[in-house]
Amino acid sequence: MLKWFVAVEWTLLVMVLLRVLSGLIEITVAGLILRFNSVEKAIYLNGILALIGPTIFILSIVIGLVGLSDKLSIPKFMLIGTGAACILIGAKM
């Protein structure tokens, strides 16, 4: 059981843990929305999620790029960064 854990890169493990944390936060907020049974509180909690989601997305990309830093050229880094920026800009429109 521990062999696969040792074989996983630390960068990938951190990215996975960030995604798991994000999912747990989403599920917790869904439960809170049901518990409060209020549209006003649901909007407030969704607003908080709107800040957490992109933050985890950016952290995950940055960690991935750090893990790939020895394998990618600067133009490829810039291209990936531009793509991530386009995703964030497109999501806000």
Minimum heavy-atom distance between I61 and A84, given as atom pair plus value
CD1-CB, 3.5 Å
For the residue pair A42 and I33, what are the closest heavy atoms and their distance?
CB-CG2, 3.8 Å
Between L49 and L45, is there a shared hydrophobic cluster once you connect ILVMFWY residues whose side-chain heavy atoms come closer than 4.5 Å?
yes
More than 12 heavy atoms of other residues, nucleotides or ligands under 6.0 Å from CG of L24: yes or no?
yes
Please indicate whether F77 has more than 12 foreign heavy atoms, meaning atoms of other residues, nucleotides or ligands, lying under 6.0 Å from its CZ.
yes
Identify whether F57 and L68 are in the same connected component of the hydrophobic contact network (ILVMFWY, side-chain heavy atoms under 4.5 Å).
yes
What distance separates L32 CG from S38 OG, expressed to the nearest 0.5 Å?
12.0 Å
Is a side-chain N or O of S22 found less than 3.5 angstrom from the main chain of L18, in a donor-acceptor match?
no
Test of understanding: clusters of I, L, V, M, F, W, Y form through side-chain heavy atoms closer than 4.5 Å, transitively. Do V29 and L21 belong to the same one?
yes
Same cluster or not: I25 versus F36, using hydrophobic residues (I, L, V, M, F, W, Y) connected whenever any side-chain heavy atoms lie under 4.5 Å apart?
yes
Begin from the C-alpha positions of L65 and I80 and carry the test side chain to side chain contact (heavy atoms under 4.5 Å, CB included) through to its verdict.
CA-CA 9 Å; L65 287 175; I80 293 170; 3.8 Å; yes
T55 (side chain) donor-acceptor with L51 (main chain) under 3.5 angstrom:
yes
d(E26 CD, N46 CG) to nearest 0.5 Å is 8.5 Å
Do L72 and V14 belong together in a cluster built from hydrophobic side chains that touch within less than 4.5 Å?
no
